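Step one of this worksheet: look at the structure below.
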Protein chains: 2
Amino acid sequence: MRRILLYRGSLLQLQALGVKRVYSYTLGKETGISAQQVRKDFSEYKIKGNQRGGYRVDELISEMENIFYKKGSQNIIIVGRGNIGSSLANYDNFIQRQINIVATFDIDPSKQRIRSEIPVYTMERMEEIIDRFGVRTAIIAVPDMAAQKVCDQLLGYGINGIINFAPVILKVSEDIIINNVNLSDEIESVIYCVSLTENECPE
Amino acid sequence: MRRILLYRGSLLQLQALGVKRVYSYTLGKETGISAQQVRKDFSEYKIKGNQRGGYRVDELISEMENIFYKKGSQNIIIVGRGNIGSSLANYDNFIQRQINIVATFDIDPSKQRIRSEIPVYTMERMEEIIDRFGVRTAIIAVPDMAAQKVCDQLLGYGINGIINFAPVILKVSEDIIINNVNLSDEIESVIYCVSLTENECPE
DNA sequence: CATTAGATGTGAAAAATATAACTATAAAAA
DNA sequence: TTTTTATAGTTATATTTTTCACATCTAATG
Ligand SMILES: NC(=O)c1ccc[n+]([C@@H]2O[C@H](COP(=O)([O-])OP(=O)(O)OC[C@H]3O[C@@H](n4cnc5c(N)ncnc54)[C@H](O)[C@@H]3O)[C@@H](O)[C@H]2O)c1
Ligand SMILES: NC(=O)c1ccc[n+]([C@@H]2O[C@H](COP(=O)([O-])OP(=O)(O)OC[C@H]3O[C@@H](n4cnc5c(N)ncnc54)[C@H](O)[C@@H]3O)[C@@H](O)[C@H]2O)c1
């Protein structure tokens, strides 16, 4: 699944370059995945290629759209319009992925005065907006201390998927999907790997 | 390794709450990992607990610091002081993780006028700064089209670890550590999982 | 038209990872 | 002091994931 998203990223790049067909090993090389793995993944999803000419790029992309976008474009919200929240709200390319940010929320009145394409609402309007747009998924971009509280609030309004940028482990019931994006960890793991490779060959 | 970072996150939370000892199953419950797995991971890193009283939180944390920070604090740079680049530059808590952002770079003169704790330099000064601060790891936060070019430039200056926020697959040699952080994918995978769980029980 | 080269597709083997079951041990209780 | 008990540590088992090997097919070629 992580790999399918990778393949698609690579395929979109290739498509932009005008490439029409790919072989499993081409795509593998692009994404750092073995050719067999690529084929296995495709066979998992019943994606068929041409046994001499590889796979058609446009066909693969649309197959992947099918996997992810059965439901069409999804409305989501962001809670916390600080640094991260604003970065995400300003990002233009989500819509290409059928990710539709309909609103952001912040407790701070000064943030509520922000004028931008994507509105900033007070926390009081959260339930109303969630209902109106049929929102199921939310992004938490509030300070660490506020994350659990905001999370509980969101769940109360029927949200069942959360992307959480706060480095705290949220307590939720089994059936809620949580994706913790910990940017410190992402950086730190690279630092760690770099220091490892340097030590492997000490001379 | 991903799990070790998770454990540490949870342990830091517990420590902040004044908790002194944890059992494998406590930590497991916190992080959504089985107790056996926790013990196995610890035994992997030769971390010892007390066979009746569990593990000491402070000991575990310092063991983990040992794993990650053998080298002490690491100087890193950010290329691209746009939305994401600025968010990261403004984030105060990296220093607690011994991640030390020493500089940011941007091609846009208006960005170079930003006044903040962390300076914004022109691209010309990159080599100088990398050398001066012994930087090994860099964050790429430039537009998609510029990412590969910036990447090549960084590698030319001796960088060997990259955290890449652009949704492009960078071409680099084997020995370079790349961590692609694709925020669209992070969001999309949650949307996908949510839609799956909704379909599992159609009635 | 038959042949061949170069792909895919897939079942089996291998490797990695996670789970379970068991043993050893330290602390608390009797 | 001995017994009990709860938990770490470890070995064995199961599961999942990846890789390998090869049969299969398609398009080009002579
Ligand atoms: N900025 C980064 O680079 C970065 C890196 C790693 C982790 N994080 C994490 O991401 C989260 C957000 O970081 P940030 O830098 O955007 O912080 P920020 O301070 O810039 O933004 C937080 C926003 O949340 C709002 N807020 C506070 N309490 C709230 C509440 N109860 N309800 C609604 N809104 C509330 C604030 O008004 C503010 O606008 C934090 O948990 C942080 O630890 C950020
Ligand atoms: N903002 C988001 O939420 C978000 C989400 C997903 C992915 N991304 C990706 O992250 C990257 C950065 O996004 P952003 O929103 O911060 O973009 P941005 O446009 O806000 O910032 C990019 C910065 O890079 C600078 N820049 C452009 N070319 C450069 C070059 N050759 N060398 C140095 N600097 C250069 C620009 O001047 C600008 O300041 C993009 O690849 C984007 O696709 C961003």
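Quick note on labels: first sequence line is chain A, next is B, and so on, each numbered from 1. These numbers come from a predicted model, not from an experiment.
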Rounded to whole angstroms, how far apart are CZ on B:Arg21 and C1' on C:dA26?
11 Å
Less than 3.5 Å apart, which donor and acceptor atoms pair up between the side chains of residues 9-16 of chain A and the rest of the protein, not counting sequence neighbours?
none

Quick one: B:Leu60 CG to D:dA8 P, roughly how many Å, whole number?
10 Å
With B:Asp106 via salt bridge (Lys or Arg N to Asp or Glu O under 4.0 Å) - residues at least two apart:
none
Spell out protein contact along nucleotides 6-16 of chain C as letters: B when the base is contacted, S when just the sugar-phosphate is, - when no protein heavy atom is under 4.0 Å; keep the 5' to 3' order.
BBBBSBB----
Taking only residues two or more places apart in sequence, or in another chain, which ones meet A:Arg132 in a salt bridge (Lys or Arg N to Asp or Glu O under 4.0 Å)?
A:Glu128
In whole Å, what is the span from the CG atom of B:Leu27 to the C1' atom of D:dG9?
16 Å
How many whole angstroms separate atom CZ of A:Arg56 from atom P of D:dA27?
12 Å
Do other residues, nucleotides or ligands put more than 12 heavy atoms under 6.0 Å from the CZ atom of A:Arg136?
no
Roughly, in whole Å, what's the span from CG in B:Asp41 to C1' in D:dA8?
14 Å
Of all residues at least two apart in sequence or in a different chain, which pass the salt bridge (Lys or Arg N to Asp or Glu O under 4.0 Å) check with B:Arg39?
none
Donor-acceptor contacts, no H, no angles, side chain residues 140-150 of chain A, under 3.5 Å, sequence neighbours left out:
unit_1	atom_1	unit_2	atom_2	d
A:Gln148	OE1	A:Lys171	N	2.9
A:Gln148	NE2	A:Asp152	OD1	2.9
A:Gln148	NE2	A:Lys171	O	3.2

Take atom CD of A:Glu44 and atom P of D:dT16, then tell me their distance rounded to the nearest Å.
12 Å
At under 4.0 Å between heavy atoms, what does B:Arg3 touch on the DNA or RNA strands: base, sugar-phosphate, or nothing?
sugar-phosphate
Can you tell me if the side-chain N/O atoms of B:Ser34 get under 4.0 Å from OP1 or OP2 in C:dA18?
no
